[in-house]
Amino acid sequence: MPENFAMTIDGAAADAPATFGVINPATGEVAEQAPDASRAQLDAAMAAAQAAYPAWRRDEAARRKALLAAADVMFARSEEIGRILTLEQGKPLAEGTMEVVGAGVWLKYFAELELPREVIQDDDHAVVEVVRRPMGVVAAITPWNYPLLLAIWKLAPALLAGNTMVLKPSPFTPLSSLKLGEVLRDVLPPGVLNVVTGGDELGAWMTAHDVPRKISFTGSVATGKRVAAAAAPDLKRVTLELGGNDPAILLDDADPAAVAAKVFGGAFQNNGQVCSAIKRVYVPEALYGDVVDALAEQAKAVKVGNGLEEGVQYGPINNRPQFERVGELVADALAGGARAAAGGRPIDGPGYFFEPTILADVSDGTRIVDEEQFGPALPVIKYTDLDDALARANGTHFGLSGSVWSADADRAAEVAAQLECGTAWVNTHLALAPHQPFGGFKWSGVGVENGPWGLYGFTEMQVIHRSKH
């Protein structure tokens, strides 16, 4: 019997006048129906968030208590929600469950994070404080690769700061966010969190709506630019976490056997569907053959399949457009002279499965190097001069993350400091944590998420100046 996934508006379940099919990417078939919100329902969600805001912003202790209770719900129901997540997203069940647990970790972190009051003057003339005030209603729009965790990256700091929220997940993965709204109805006061689902039109309505004072968006560069343009006439604040084309640079003292598994993991986590995953690897000429062989060995050894099956390490690509894009980029590289050291083709059968692919004999100027592939295909690029490799690594509109790999961590850190990106890792990649700010340079975003800096992004700064005369 299919489950009824309802939206959450003003603390209650809300069905929509129409629904749309949510496809299980492991089968390519519709698994469930999701509500397709009407414009009137979006207005109702915004009105509910606005009405809930005055009482919510006044009681910081109640907000912290509610966020801790929400964390407990995530921990307690991680397997149930994780299964829904795997059904719609495709990742292995263990990873889907861990994503829900991670949501609980993020909620707990923000529930306990200080909201600072900073005294900048206290003398015979005045006491002057700088405080952080909430903005009002936040419109949050989230992507399909980590639908639940990235919703919590927005929800936890926004709600701690005293804002209320209307959340819209990707139409490819709405079910886990609908379930989130459902399980938090008993934890959060009505109107504090509203969850609406629909297609791109709903997102456009949200960004142009006159109620939200802040838009927090995670997704593609192209859509992020549209969000920024829509927000500008109303001077809405924006945080935009956009795409990445993360380089990994191996230095000439790196041990191919030692780093291959870690580099592979940093590239292929979530089947390569991570904005800050390794998207291209620069390798010194002397190490090139060994590194390509070691990465190919990793790619050939992994188990790809339905994420609900035992022992599967990598699931399908999440949706047909992305599946076709990865195939197109790999075919373009092979047609241009690249060699598939591993993979290179879709996997026969139902669903959006693609062989984990290592591309050798490829260089900058090839689309899969210059663009963000966001899938299980990794180009490996040869270099002879480190300064040239750095210039090529930085020679892009993207600037989300990057990593440098070496037997000498200090030397690697010096090189990493020259990467033009928001996070530069040394001998690791994708090491993310709730206390660590995450954002990008250039086209990879505006503002940051996580840590106190992410919290500040959901606040306005206010000066309280008390005269002593």
Side-chain angles (χ1 to χ4, degrees), residues 220-222 242-252 254 256 259-260 263-264 266-268 272-296 299 325-344 356-406 412 414-425 429 440-445:
S220 71
V221 171
L242 308 178
N245 191 5
D246 287 18
I249 300 177
L250 275 60
L251 301 189
D252 54 14
V259 304
V263 169
F264 185 86
F268 285 82
Q273 299 166 119
V274 186
C275 51
S276 53
I278 296 171
K279 306 285 172 51
R280 50 202 169 116
V281 184
Y282 291 90
V283 180
E285 187 170 19
L287 302 180
Y288 188 77
D290 289 343
V291 170
V292 168
D293 290 346
L295 289 170
R325 173 173 168 75
V326 171
E328 178 187 320
L329 291 175
V330 170
D332 173 78
L334 294 173
R339 169 173 63 90
T357 297
I358 302 297
L359 292 172
D361 305 330
V362 63
S363 63
D364 300 79
T366 308
R367 284 183 62 200
I368 200 164
V369 178
D370 296 353
E371 302 176 23
E372 181 183 24
Q373 66 274 45
F374 214 71
L378 181 65
V380 187
I381 304 132
K382 190 182 300 180
Y383 77 86
T384 53
D385 177 78
L386 180 57
D387 288 338
D388 177 58
L390 269 167
R392 287 192 276 161
N394 289 330
T396 170
H397 286 302
F398 294 103
L400 192 55
S401 315
S403 55
V404 180
W405 303 75
S406 170
E414 289 177 10
V415 176
Q418 298 176 65
L419 291 173
E420 296 170 359
C421 59
T423 303
W425 285 291
H429 203 98
F441 290 12
K442 299 184 274 191
W443 283 10
S444 285

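By convention here, the first residue in the shown sequence is residue 1.
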How about Leu250 and Pro284: do any of their side-chain heavy atoms sit closer than 4.5 Å? yes

Heavy atoms, side chains only, cut-off 4.5 Å: are Asp361 and Tyr288 in contact? yes

Would you name the heavy atoms of Ser401 and Pro247 that are closest together and state the gap between them? O-CD, 3.4 Å

CD-CH2 distance between Glu372 and Trp443, expressed to the nearest 0.5 angstrom: 13.0 Å

Closest contact, heavy atoms only, Gly243 versus Ser444: O-OG, 2.6 Å

Starting at CD of Gln418, measure out to CG of Leu386 and round the result to the nearest 0.5 Å. 7.5 Å

To the nearest 0.5 Å, tell me how far Thr396 OG1 sits from Lys279 NZ. 10.5 Å

One should read off an interatomic distance between His397 NE2 and Asp370 CG, to the nearest 0.5 angstrom, of 10.5 Å

Verify whether one side chain among Asp364 and Tyr383 offers a donor that lies under 3.5 Å from an acceptor in the other. no

Hey, are the side chains of Ile381 and Arg392 touching, using non-hydrogen atoms and a 4.5 Å cut-off? yes

With Ile368 as reference, evaluate Asn245, Leu329, Val326, Leu334 under the side-chain contact (heavy atoms from CB on, under 4.5 Å) test and give the passing residue. Leu329

What one should report as the nearest heavy-atom pair of Val281 and Val263 is CG2-CG1, 4.0 Å

Taking all atoms of both residues into account, what is the closest heavy-atom pair of Pro356 and Ala299, and its distance? O-CB, 3.8 Å

side-chain contact (heavy atoms from CB on, under 4.5 Å) for Tyr282 and Val369? Distances and angles first, verdict last. CA-CA 11 Å; Tyr282 291 90; Val369 178; 4.2 Å; yes

Taking atom CZ of Phe264 and atom CD1 of Ile358, what is their separation to the nearest 0.5 Å? 5.5 Å

For the residue pair Trp425 and Thr423, confirm or rule out a side-chain donor-acceptor distance under 3.5 Å. no

Between CZ on residue Arg339 and CG on residue Leu359, distance to nearest 0.5 Å: 10.0 Å

Where Asp246 and Cys275 come nearest, the two heavy atoms and their spacing: OD1-O, 4.1 Å

Is the shortest heavy-atom distance from the side chain of Asn394 to the side chain of Leu419 under 4.5 Å? yes

His429 versus Ser403, closest heavy-atom pair with distance: ND1-OG, 2.8 Å

I'd like to check Arg325 versus Phe374 (side-chain heavy atoms, cut-off strictly below 4.5 Å). Are they in contact? no

